Novice: 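Submitted below is the structure of interest, expressed as structure tokens.
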Amino acid sequence: MVMSLEQVTAQLALVGVGGAAVLGSFLALLIGGFANRPRRGRERGATPDLRTEPPAVAAFVAEGYDVGDHAVPATLIDLAARRHVDIDDVGDGHVLVHLRAADDGAALAPFERRVLDHVRRLAVGGVVPAKAMTTGPADASRRWWKVFRREVVADAAARGLCRPRWETSTLVELGAGVVVGLACALGVNALDANETVDNAAELLAFMVAGAAIALGVVLERLHRDDPQRETPAGMEADAHWSGVRRWLAEVGDFRALPASAVRVRDRYLAYACAFELAPVAAGQLPLGAEDDRHAWSHEGGRWRSVRVRYPVQRPGWGAAPWRVLAIGAVAAVVLLLVGRALGPLVGAAGDAIGDSGIGSALALVVVVMFSVVLVVAGALGWAVVRAVGDLAGGTTTVEGVVVRRRRRSRGKDEHRYFVAVDDGSAERVDAWLVSSTLYGRVAQGDRVRATVHPRLGHVTELRVVASAPARVPGEHRSGAGAAAPVSGIGAALVERLERRLPPPPTSGPDPNQELRAMLTRLREPSTDR
């Protein structure tokens, strides 16, 4: 039975209302996101004066209201500076953390107490090797970090330094667009019960429903992540801590200092670690990993925050221009054949719409398949355009500092290698996808000169101009051996810790196996040197 004009009109009206509601919420979200973006305080001159905020909170307000991964080791160093724990270097970069007796941590902030409690759980006889202080398996570690982050944000909010970018009531109001969009999409289907589907109206309803679901996912993510923005007090703190960060970077010289230097540098080392200016100290305390997408760079004559992007979804990124052109030519032929094969399906879908109730599903499948073909064709076409531009414009030379060096797994034995170089010209840096050979030539912190095709990010040459001033312990060059045996007070501490360990179980896994192996390496001479 054919639908009446009134039914078709009602369906299109519902689609229009639902689409307008979803689009309105999307626009309100974009405008609100731009209007609510965090504002920064006006940076002052370098100063060594510290305020009352702990390092994690200071870095939070001075880094765009984002809790960086270095906040965790910085908190532990701050606990050492305030005499809640002791940090000892026992040789070759191996660090032991000692708990102080009769310290209940009652005066600490919740996130500081969380770090101290974590050390207590791992300590044996009041001592724990720093390398054993992981926060557990991946899932448990993520949960631990999320709670730590919420506690840092709560502490900053209690000090009046930040406020939510999105109030819950605002997200609920924007969520009305999701409800209206889904309701209208369902209404289109209800008007067509037991009758032949009007293809155009139902396909539009599917699109409205998809957009509403996508909007709902975005709103739920915003509610869960709870991003923050400035307050007047936060802008004042930001201006001050930016000046402290400049002083730490230009005067303090903390990059090569170990974590045990807290005994001399006191809380300044903790703040330097929070601002990512003490990579050696942070690397010795593996409570938090280095942030892949956020780095600090002095390129250009001043310290500034740099955002690193990994364009893995950008077609052709890292590939040679001639290779992209070859792949594009082959792909064009394949897509042409696929498009011709989909032609009869379009006709079949049109016939099915008039003959049976399965026409809607068939039409949706055809639309999805055509959409995929168009997206792939557009992506490859844009890659080919950039390849032509690189071939016509040639290569360019980039000189700067390696701010991030990462290896990403693609399977059991396959990896991708990224190098991000900051030349001081932009606040965002695209990490180049390089070969394993080029990747092995450089280390993070090296000053390098690269020859690159700028549009595709294809690196043809990468040379070190000046080596990094300090390397994080544990990242040895090939040929480096194991740790040297400790002696003196370090050996006494290792021996005492071994005596405190419970005997290994007669059956089943030993929960202290990794700790025993580490202590053995510290105590016994290395045979690999």
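Every value quoted in this text rests on a predicted model; they were computed, and no experiment measured them.
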Novice: Please tell me if the side chains of F254 and Y271 come closer than 4.5 Å, counting only heavy atoms from C-beta onward.
Specialist: no
Novice: Taking the basic N atoms (NZ, or NE/NH1/NH2) and the acidic carboxylate oxygens, is any pair closer than 4.0 Å for R447 and E299?
Specialist: yes
Novice: Nearest 0.5 Å, what's the CG-OG1 distance between L248 and T47?
Specialist: 10.0 Å
Novice: Looking at Y439, is R407 sitting on its ring face, NZ or CZ under 6.0 Å from the six-membered ring centre and within 45 degrees of the normal?
Specialist: no
Novice: Would R114 and D117 pass as an ion pair if we require N to O under 4.0 Å?
Specialist: no
Novice: What pairs meet the side-chain hydrogen bond (donor to acceptor under 3.5 Å, both in side chains) rule with one or both residues in residues 213-225, with sequence neighbours excluded?
Specialist: E220-R224, R221-D225
Novice: Using side-chain heavy atoms (C-beta onward) and a distance below 4.5 Å, is L391 in contact with L325?
Specialist: yes
Novice: For P311 and A431, work out which heavy atoms get closest and say how close.
Specialist: CD-O, 3.6 Å
Novice: For Y310, does the six-membered ring have the charged nitrogen or CZ of R408 within the cation-pi criterion, i.e. under 6.0 angstrom from the centroid and within 45° of the normal?
Specialist: yes
Novice: Could you tell me whether W247 and Y268 have their ring centroids closer than 6.0 angstrom?
Specialist: yes
Novice: With side chain to side chain contact (heavy atoms under 4.5 Å, CB included) as the test, pick out the partner of V57 among D155, T75, V153.
Specialist: D155
Novice: Locate the shortest heavy-atom distance separating L456 from A319; write the atom from each residue and the value.
Specialist: CD1-O, 3.7 Å
Novice: Could you tell me if the side chain of V308 sits less than 4.5 Å from the side chain of R406, heavy atoms only?
Specialist: no
Novice: Look up atom CD in E427 and atom CG in D422, then write down how far apart they are to the nearest 0.5 Å.
Specialist: 8.0 Å
Novice: Is a donor on one side and an acceptor on the other found under 3.5 Å between the side chain of R386 and the backbone of R455?
Specialist: yes
Novice: Rounded to the nearest 0.5 Å, how far does CD1 of I87 lie from CG of L76?
Specialist: 4.5 Å
Novice: Pick one: which of D423, V419, L462 meets side chain to side chain contact (heavy atoms under 4.5 Å, CB included) with V448?
Specialist: L462
Novice: For P38 and E230, which heavy atoms make the closest approach, and how far apart are they?
Specialist: CA-OE1, 3.4 Å
Novice: Will you find, in the side chains of R165 and N36, an N or O donor that is under 3.5 Å from an N or O acceptor?
Specialist: no
Novice: Just how far is it from atom CD of E461 to atom OG1 of T395, taken to the nearest 0.5 Å?
Specialist: 11.0 Å
Novice: May I have the step-by-step check of side chain to side chain contact (heavy atoms under 4.5 Å, CB included) for L116 and L99, ending in yes or no?
Specialist: CA-CA 9 Å; L116 183 60; L99 291 169; 3.9 Å; yes
Novice: Search all heavy atoms of C273 against all heavy atoms of A282 and return the closest pair with its distance.
Specialist: SG-CB, 3.8 Å
Novice: Between R314 and W382, does the side chain to side chain contact (heavy atoms under 4.5 Å, CB included) criterion hold? Intermediate values first, please.
Specialist: CA-CA 10 Å; R314 190 180 299 175; W382 179 236; 5.8 Å; no
Novice: Do F111 and V67 have side chains that get closer than 4.5 Å, going by heavy atoms?
Specialist: no
Novice: Kindly compute the distance separating CD (E63) from OG (S242), expressed to the nearest 0.5 Å.
Specialist: 9.5 Å
Novice: With distance as the sole test, does D78 use its side chain to make a donor-acceptor pair with the main-chain N or O of P54 at under 3.5 Å?
Specialist: no
Novice: Could you check whether any side-chain heavy atom of Q228 comes within less than 4.5 Å of a side-chain heavy atom of F60, counting everything from C-beta outward?
Specialist: yes
Novice: Please determine whether a side-chain nitrogen of the Lys or Arg among R405 and D446 lies less than 4.0 Å from a carboxylate oxygen of the Asp or Glu.
Specialist: no
Novice: Side chain to side chain contact (heavy atoms under 4.5 Å, CB included) for L438 and Y417? Distances and angles first, verdict last.
Specialist: CA-CA 9 Å; L438 295 179; Y417 302 90; over 6 Å; no
Novice: Considering all heavy atoms of both residues, which atom of A259 and which atom of L285 are nearest to each other, and what is their separation?
Specialist: CB-CD1, 4.0 Å
Novice: Test side chain to side chain contact (heavy atoms under 4.5 Å, CB included) on R265 and L257; report intermediate values, then the result.
Specialist: CA-CA 9 Å; R265 296 300 184 97; L257 292 182; 3.8 Å; yes
Novice: Do the non-hydrogen side-chain atoms of V61 and E53 ever get within less than 4.5 Å of each other?
Specialist: no
Novice: Verify, without hydrogens or angle tests, whether R245 (side chain) and A62 (backbone) share a donor-acceptor contact under 3.5 angstrom.
Specialist: yes
Novice: Are V434 and V442 packed together at the side-chain level, in the sense that at least one heavy-atom pair is separated by less than 4.5 angstrom?
Specialist: no
Novice: Look up atom NE2 in H118 and atom CZ in R121, then write down how far apart they are to the nearest 0.5 Å.
Specialist: 6.5 Å
Novice: Got more than 12 heavy atoms from elsewhere within 6.0 Å of CZ, R39?
Specialist: no
Novice: Using side chain to side chain donor-acceptor pair (under 3.5 Å) as the criterion, list what pairs up with R463, not counting sequence neighbours.
Specialist: none
Novice: Could you tell me which non-hydrogen atom of R267 sits nearest to which non-hydrogen atom of P55, and how far apart they are?
Specialist: NH2-CD, 4.0 Å
Novice: Can you find a pair of side-chain heavy atoms, one from V115 and one from W144, that are under 4.5 Å apart?
Specialist: yes
